Amino acid sequence: MKKFFIFTLLLMSIFIFAQTKLVIWCSEKQVDILQKLAEEFKAKYNVDVEVQYVNFSDIKPKFLTAAPEGQGADIIVGAHDWVGELVVNGLIEPIPVFSDLNQFYETGLNAFSYGGKLYGLPYSMEAIALIYNKDFVPQPPQTVEEMIQFAKQIDTEFGGEVRGFVTSTTEFYYAVPFIFGYGGYVFKQTDQGLNIKDIGLANEGAVKGVSLIKRFVDEGILDPSDNYQIMDSMFREGKAAMIINGPWATKAYKDAGIDYGVAVIPNVGPDMVARPFVGVQGFMVNAKSTNKLLAMEFLTNFIAKRDTMYKLYLGDPRLPARKDVLELVKDNPDVVAFTQSAANGIPMPNVPQMASVWGAMNDALNLVVNNKASVEDALKTAVERIKSQTQ
């Protein structure tokens with residue numbers, strides 16, 4: 001009797017699914033591979049999947065308009081920092097626990113979590129790392145102290161024509177690995193999600209992290225005017241030995257003939273790992289869709305599998321969010337190193353209040369490195385400013 005009931009349910013499910021079409025919105029980079037995967041899914045389950053290209057910057061606003069009316073895509077592919085706004089508006093569905101969940105990096109899962117629930121299936125990650133020119137740095141430094149010594153040696157040896165270390169001095173995004181490495185944080189992570197009332201950007205760890213940035217400047221390693229364009233162009237021209245940048249930059253370095261390597265950002269202290277911000281891309285299910293159960297099946301029992309995730313990587317080669325996929329691409333040292341950096345990192349907060357953090361912290365860094373405020377005063381002012389805009 002039980003077997004007959006299960007069989008009947010299965011037949012009903014097949015009949016229902018056969019009358020259904022899943023619609024996915026994604027940006028240009030995922031279209032080709034998702035169309036191929038859609039064909040595989042159709043051949044296996046007799047369910048149509050229509051992949052529609054939407055400009056990345058248009059996916060979220062278009063979804064915010066369509067989803068409340070029960071329209072739009074059943075599944076969207078986008079960034080984890082959309083999650084907070086979409087959850088607050090009741091537009092995306094929690095992802096249930098599934099068998100391969102433990103194969104995904106915690107960083108990726110945390111990125112798509114909100115209020116203690118998972119709201120997206122991560123498929124790729126992105127984080128900055130140390131990129132070094134092997135002509136000047138045969139082996140990457142393991143600690144910040146080693147990096148400082150290497151940088152000073154190169155500065156002295158080449159008389160400033162080649163700089164030992166360059167990064168964007170007053171940009172919070174590039175200061176984060178040091179701030180978080182010492183124990184600073186933006187919003188406190190709790191079991192229920194991020195506590196936006198608990199801001200850790202003026203705590204002891206944050207002070208140590210920003211003090212390190214000031215030390216770089218005070219000791220002549222960095223200049224207050226160093227920015228992304230300077231860092232990037234100097235490395236491409238072979239005039240910088242070490243920088244901190246992301247996987248988006250390496251093609252240009254390769255094309256320029258730079259013999260570079262990628263490594264995790266050096267530890268800020270004993271057992272104190274540098275922790276960059278991590279951006280994660282993934283799949284989210286429309287909570288208003290009449291096909292959301294099928295959409296969940298499509299994600300958790302097809303897309304989430306190792307072989308499918310590997311095909312996604314091959315079609316859109318970003319840092320994989322599944323650990324065992326990294327094993328399949330371990331012959332690519334860049335991907336391995338950037339993924340290790342991402343695994344060490346902390347997801348960029350996926351709450352709308354994050355918008356107020358960037359300007360406040362960039363201004364704080366500017367004040368500190370230009371000797372217009374102490375580290376403590378600048379960070380205290382930044383936190384007060386953030387609180388006034390978010391609470």
Side-chain angles (χ1 to χ4, degrees), residues 127-184 204-228 230-235 237-246 249 253 258-277 337 340-341 344-345 361 364-371 374-376 378-379:
I128 53 178
L130 183 75
I131 304 178
Y132 59 99
N133 187 323
K134 294 180 181 179
D135 290 343
F136 307 112
V137 184
Q139 294 295 327
Q142 302 298 304
T143 67
V144 164
E145 289 300 326
E146 287 182 21
M147 184 175 75
I148 289 172
Q149 294 310 310
F150 282 5
K152 288 182 175 180
Q153 289 171 13
I154 292 164
D155 287 345
T156 300
E157 182 178 349
F158 291 92
E161 288 194 16
V162 176
R163 290 183 51 192
F165 174 59
V166 189
T167 190
S168 187
T169 306
T170 59
E171 195 171 348
F172 179 53
Y173 182 77
Y174 292 92
V176 155
F178 307 114
I179 293 172
F180 290 176
Y182 280 115
E204 182 180 354
V207 169
K208 287 182 178 179
V210 175
S211 295
L212 177 60
I213 301 293
K214 188 172 191 309
R215 179 186 169 191
F216 289 149
V217 173
D218 290 346
E219 297 187 14
I221 297 167
L222 292 178
D223 187 277
S225 64
D226 286 336
N227 57 30
Y228 184 90
I230 290 171
M231 167 183 72
D232 185 55
S233 62
M234 289 191 74
F235 197 82
E237 294 166 6
K239 296 180 179 179
M242 295 177 288
I243 63 171
I244 293 176
N245 209 343
Y253 304 152
I258 303 298
D259 183 14
Y260 71 87
V262 182
V264 296
I265 298 168
N267 289 0
V268 298
D271 300 318
M272 300 178 77
V273 177
R275 300 189 181 281
F277 266 144
Q340 289 171 341
S341 184
N344 287 343
M361 287 302 293
L365 288 166
N366 262 295
L367 290 171
V368 168
V369 300
N370 287 292
N371 294 314
S374 68
V375 173
E376 292 82 358
L379 292 180

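Small disclaimer: the values here were computed from a predicted structure and weren't measured.
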- Message: Using side-chain contact (heavy atoms from CB on, under 4.5 Å), reason through Arg275 and Ile179 one step at a time and then give a plain yes or no.
- Response: CA-CA 8 Å; Arg275 300 189 181 281; Ile179 293 172; over 6 Å; no

Test side-chain contact (heavy atoms from CB on, under 4.5 Å) applied to Ile221 and Lys152, step by step: CA-CA 7 Å; Ile221 297 167; Lys152 288 182 175 180; 4.2 Å; yes

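Scored by the ring-ring contact (aromatic ring centres under 6.0 Å, His included) test, Tyr132 finds no partners at all (sequence neighbours excluded). Contacts of Phe216 classified as ring-ring contact (aromatic ring centres under 6.0 Å, His included), with partners at least two apart in sequence or in another chain: Phe165, Phe178. In this structure, Tyr228 has no ring-ring contact (aromatic ring centres under 6.0 Å, His included) partners at least two apart in sequence or on a different chain. Remark: Phe277 pairs with Phe172, Phe180, Trp358 by the ring-ring contact (aromatic ring centres under 6.0 Å, His included) rule, at least two apart or across chains.
Looking only at side-chain heavy atoms (C-beta outward), Thr169 and Ile213 come within less than 4.5 Å of each other. For the pair Phe235/Ile131, a side-chain contact is recorded, criterion being any heavy-atom separation below 4.5 Å from C-beta on. In this structure the side chain of Pro141 reaches within 4.5 angstrom of the side chain of Leu130, judged on heavy atoms. Using a 4.5 Å heavy-atom cutoff, the side chains of Tyr253 and Val262 are not in contact. Within the 4.5 Å cutoff, no side-chain heavy atoms of Lys208 are placed close to those of Val268. The closest side-chain heavy-atom distance from Ile258 to Lys134 is not below 4.5 Å. In this structure, the side chains of Met231 and Tyr174 come closer than 4.5 Å at one or more pairs of heavy atoms.
Atom-to-atom distance recorded for Phe136:CZ and Lys239:NZ is 11.0 Å, nearest 0.5 angstrom. The line from CG of Asp218 to OG of Ser211 is 9.5 Å long, rounded to the nearest 0.5 Å. From Ile128, atom CD1 reaches atom OG of Ser341 across 7.0 Å, with rounding to the nearest 0.5 Å.
Summarising the local packing, CD of Gln139 is surrounded by 12 or fewer heavy atoms from other residues, nucleotides or ligands at distances under 6.0 Å. Other residues, nucleotides and ligands contribute over 12 non-hydrogen atoms within 6.0 Å of the CD atom of Glu146.
Residue pairs meeting the salt bridge (Lys or Arg N to Asp or Glu O under 4.0 Å) criterion with at least one partner in residues 161-180, sequence neighbours excluded, are Arg163-Asp226.
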Enumerate, atom names and distances included, each donor-acceptor pair closer than 3.5 Å involving a side-chain atom of residues 364-371, sequence neighbours excluded.
| residue | atom | partner | partner atom | Å |
| --- | --- | --- | --- | --- |
| Asn366 | ND2 | Asn362 | O | 3.3 |
| Asn370 | ND2 | Asn366 | O | 2.9 |
| Asn371 | OD1 | Lys214 | NZ | 3.1 |

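Side chain of Asn267 to backbone of Pro270: no donor-acceptor contact under 3.5 angstrom is found.
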